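Reading through the structure tokens given below for one structure.
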Amino acid sequence: MEIIREIERAARALLDGNLVAFPTETVYGLGADATNALAVAKIYKVKGRPQDHPVIVHVSDFDVFQEWVTEIPDYCIKLAKDFWPGPMTLVLKRSPLAADFITGGQDSVGVRIPGNETALHILRRFEAMGGRGVAAPSANRFGKVSPTTSQAVLDEFQDFFDSQDLVVDGGDCEVGLESTIIDCTGEVPKILRYGAITPSMIYESTNLQPLETESSIRVSGSLKSHYAPNVELVLNQQPVAGDGLIALAEVPTPEGVIRVAAPASTVEFGQQLYSALRKADQLSIRRLVAITPDGDELSLAISDRLTRASNRAK
Ligand code: TXA
Ligand code: MG
């Protein structure tokens, strides 16, 4: 009962033009009605995000997805069938519904059906009330670490939210890394951001080898510096006493080093990465060392995030 009321409240708040932070299987999103220019402007304001960066539209099913886009290639339909609801965003030519304030003035729009039940309930309720889609970037201040718990969202935005804005608690995010973004505007799929839907999964689904070159389309997650903690982060160096360490469990902790995370697999690494970066910020350590995993395709997404997180503008 309590949950139903919470869903109802969240959908209503969105429709009224407020911000609602909600869980997805990847990271928490900072949501607003994607057809309401003022509501979307609030996202940019509280995030401190540049105006020309596009946001992803979240919808509950394929029919609603089709309202936002045009020119859907066959391979895109296959991807949608295989991986939605799930940690994948598809970029297509926009329909008139996708205004400049969503796409950053670009001709394309990114849309996703998230796999998290709470997210889907909110989206369905919102759509039943007449809503068309929820714009939601990750619920962190621009350039900072994405949140994978509702507490992390509160820590980030407590001072920026109005009394009408909401944070819906849905526990820890299952994947912990943002969705794979696939540009579907060309002949073959093109990966704009690595995530849990991997290149070989895309190939299996479509029978097409995805391109992996960086797109000319603006993706804030493709900035060199992003996802950055406040503590200095270095990759693949020998940690010394007083340093923090994030690495797979098989990597031993040298004497005097503070172990921040010891995930047993790359899946766990993805789940724990952002909360580990946040935890490192709360400890008074001089420097954080991360050892990037390799060997499977999820490592691509983890290494990508760690590399950008370590490129903090000095
Ligand atoms: O997992 C996720 O995707 C999370 C959850 C909340 O759904 N959202 C997320 O949003 O990571 P955000 O805004 O932090 O990152 C989305 C990325 C941005 O880098 C944005 O530039 C890119 O998606 N994007 C959105 N629309 C695009 C478009 N039309 N073309 C290229 N990139 C686009
Ligand atoms: Mg983000």
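Remember, predicted model here, so these are calculated numbers, not experimental data. Note that ligands are numbered from 1 as they come in the structure, with each ligand's atoms numbered from 1 the same way.
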Looking only at side-chain N and O atoms, does [Y] offer a donor or acceptor that is under 3.5 Å from a partner on [X]?
| X | Y | result |
| --- | --- | --- |
| S138 | E178 | no |
| T149 | R278 | no |
| S299 | T266 | no |

Measuring from the heavy atoms of [X], does anything fall under 4.0 Å of ligand 1?
| X | result |
| --- | --- |
| A136 | yes |
| I56 | yes |
| R112 | yes |

### Message
For F161 and F157, take the angle between the two ring planes, folded into 0 to 90°, and tell me which bin it lands in: parallel under 30, tilted 30 to 60, perpendicular over 60.
### Response
parallel
### Message
So if I apply the side-chain hydrogen bond (donor to acceptor under 3.5 Å, both in side chains) rule between Y194 and each of E297, E212, R305, which one comes out positive?
### Response
E212
### Message
Within a 6.0 Å radius of atom CD on E127, are there more than 12 heavy atoms belonging to other residues, nucleotides or ligands?
### Response
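Atom CD in E127 is crowded, with more than 12 foreign heavy atoms closer than 6.0 Å.
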If we only count N/O pairs under 3.5 Å, is [X] in contact with ligand 1?
| X | result |
| --- | --- |
| S108 | yes |
| S138 | yes |
| S179 | yes |
| H53 | no |

Within ligand 1, which atoms have a heavy atom of [X] less than 4.0 Å away?
| X | value |
| --- | --- |
| T26 | 1 (O), 2 (C), 4 (C), 5 (C) |
| R49 | 12 (P), 13 (O), 18 (C) |
| G29 | 6 (C) |
| I181 | 17 (C), 22 (C), 23 (O) |

#### Entry: Carboxylate-amine/guanidinium contact D100 R94, below 4.0 Å
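The answer is yes: the pair qualifies as a salt bridge.
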### Task
Indicate yes or no: does E67 engage R132 in a salt bridge with an N to O separation below 4.0 Å.
yes
### Query
Is it the side chain (CB and beyond), the backbone, both or neither of V109 that lies under 4.0 Å from ligand 1, heavy atoms counted?
backbone
### Summary
Within the 4.0 Å heavy-atom cut-off, what M88 brings close to ligand 1 is neither
### Query
Within Y227, is some N, O or S atom less than 2.8 Å away from the Mg ion (ligand 2)?
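Under 2.8 Å: Y227 has no N, O or S contact with the Mg ion (ligand 2).
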### Query
If you measure from CZ on F101 to CD1 on I43, what distance do you get to the nearest 0.5 Å?
10.0 Å
#### Entry: pair Y44-F142: side-chain heavy atoms closer than 4.5 Å
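Not in contact.
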## Note on the structure
Ranking R193, E178, E25, H58 by closest non-hydrogen atom to atom 7 (O) of ligand 1, top hit is H58
